[in-house]
There are 2 protein chains.
Amino acid sequence: MNEKNHENCPLTQALLVIGGKWKPLIISHLQKSPKRFGQLHTLIPKLSRKVLTSQLQELTRDKLITRHSYAETPPRVEYRLTEKSKELVPIFQSMSKWGMYLIDKKIIEEREDN
Amino acid sequence: MNEKNHENCPLTQALLVIGGKWKPLIISHLQKSPKRFGQLHTLIPKLSRKVLTSQLQELTRDKLITRHSYAETPPRVEYRLTEKSKELVPIFQSMSKWGMYLIDKKIIEEREDN
DNA sequence: CGGGATCCTTAAAGATACTG
DNA sequence: CAGTATCTTTAAGGATCCCG
């Protein structure tokens, strides 16, 4: 890590972009194929439409996903990963694998996240 | 009980534990050697003492760090990683490496973090 | 030195209604 | 369908003082 200037710490920078509690989940859901807004909402029901919108906008702004809007009726909007965010997929897979231990050990159990 | 199957998603579980925006940073700083409360506060000055306290308590509760208190005057308290959280270190290193591209490309630039 | 206990200020998230 | 707009509520975080 960079102990001199935390503003230049790459991990801090990365966390600014993917540190949101939903973003890794969104990215991993997009890994296999593009998804529509409603699909993502179904996949992550605890994520409200409003928050999903903001997270997608931030990810788009930061070039981690691209937004593809099709002029159909009803409208269709797809989100897909960029090359750069695809590099994150194995990282989240490792995290996911690590997370299995939490389930086994029931570390979480009753916690109210929400 | 309830069958919210996303609760069984290992990535979701992992994010519950390390998804806080400071926790990966704290864990990375502890990777080489144990650190004292004050050291961590110096290393991450933007993290207030109160929030640092809460983050350390949560990490301790979730068995990602251990707290070692020495009966000295002035008191000394050290935090160190557990075996399980040491497995996270390479993951955060990958994230850190990935984060360098953000700095290069100046993706972040002006953003109201704080 | 390493916290805990309060109080207080905002930023984030929820609920609901509406639109191209 | 995929969002906006607006209002309300919650909770994260800061400031301050205290204590073993």
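We name chains A, B, ... by the order of the sequence lines, and we start the count at 1 in each one.
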Compare side-chain N and O positions of A:S48 against OP1 and OP2 of C:dA13 and report whether any pair is under 4.0 Å apart.
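For C:dA13, neither OP1 nor OP2 has a side-chain N or O of A:S48 closer than 4.0 Å.
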Test your reading of the model: is there a side-chain donor-acceptor pair from [X] to the backbone of [Y], 3.5 Å cut-off?
X: B:E58; Y: B:Q55; value: no
X: B:S96; Y: B:F92; value: no
X: A:Q13; Y: A:P10; value: no

Nearest-Å distance, [atom1] ([X]) to [atom2] ([N])?
X: A:L52; N: C:dA15; atom1: CG; atom2: P; answer: 15 Å
X: A:Q55; N: C:dG14; atom1: CD; atom2: C1'; answer: 15 Å
X: A:K46; N: C:dA15; atom1: NZ; atom2: P; answer: 13 Å
X: A:K35; N: D:dC1; atom1: NZ; atom2: C1'; answer: 17 Å
X: B:H41; N: D:dG14; atom1: NE2; atom2: P; answer: 9 Å
X: B:L47; N: D:dG13; atom1: CG; atom2: P; answer: 9 Å
X: B:E58; N: D:dA12; atom1: CD; atom2: P; answer: 8 Å

Salt bridge (Lys or Arg N to Asp or Glu O under 4.0 Å) involving A:K97 - partner list, sequence neighbours excluded
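Here no residue qualifies.
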Determine which pairs satisfy side chain to side chain donor-acceptor pair (under 3.5 Å) with at least one residue from residues 34-44 of chain B, sequence neighbours left out, and list them in order.
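Non-adjacent pairs meeting side chain to side chain donor-acceptor pair (under 3.5 Å): B:S33-B:K35.
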Verdict with reasoning, B:L56 to B:L40, per side chain to side chain contact (heavy atoms under 4.5 Å, CB included)
CA-CA 10 Å; B:L56 289 172; B:L40 288 170; 4.0 Å; yes
Nucleotide by nucleotide, 5' to 3', does protein get under 4.0 Å of the base (B), only the sugar-phosphate (S), or neither (-) in nucleotides 2-11 of chain C, counting heavy atoms?
BBS--B----
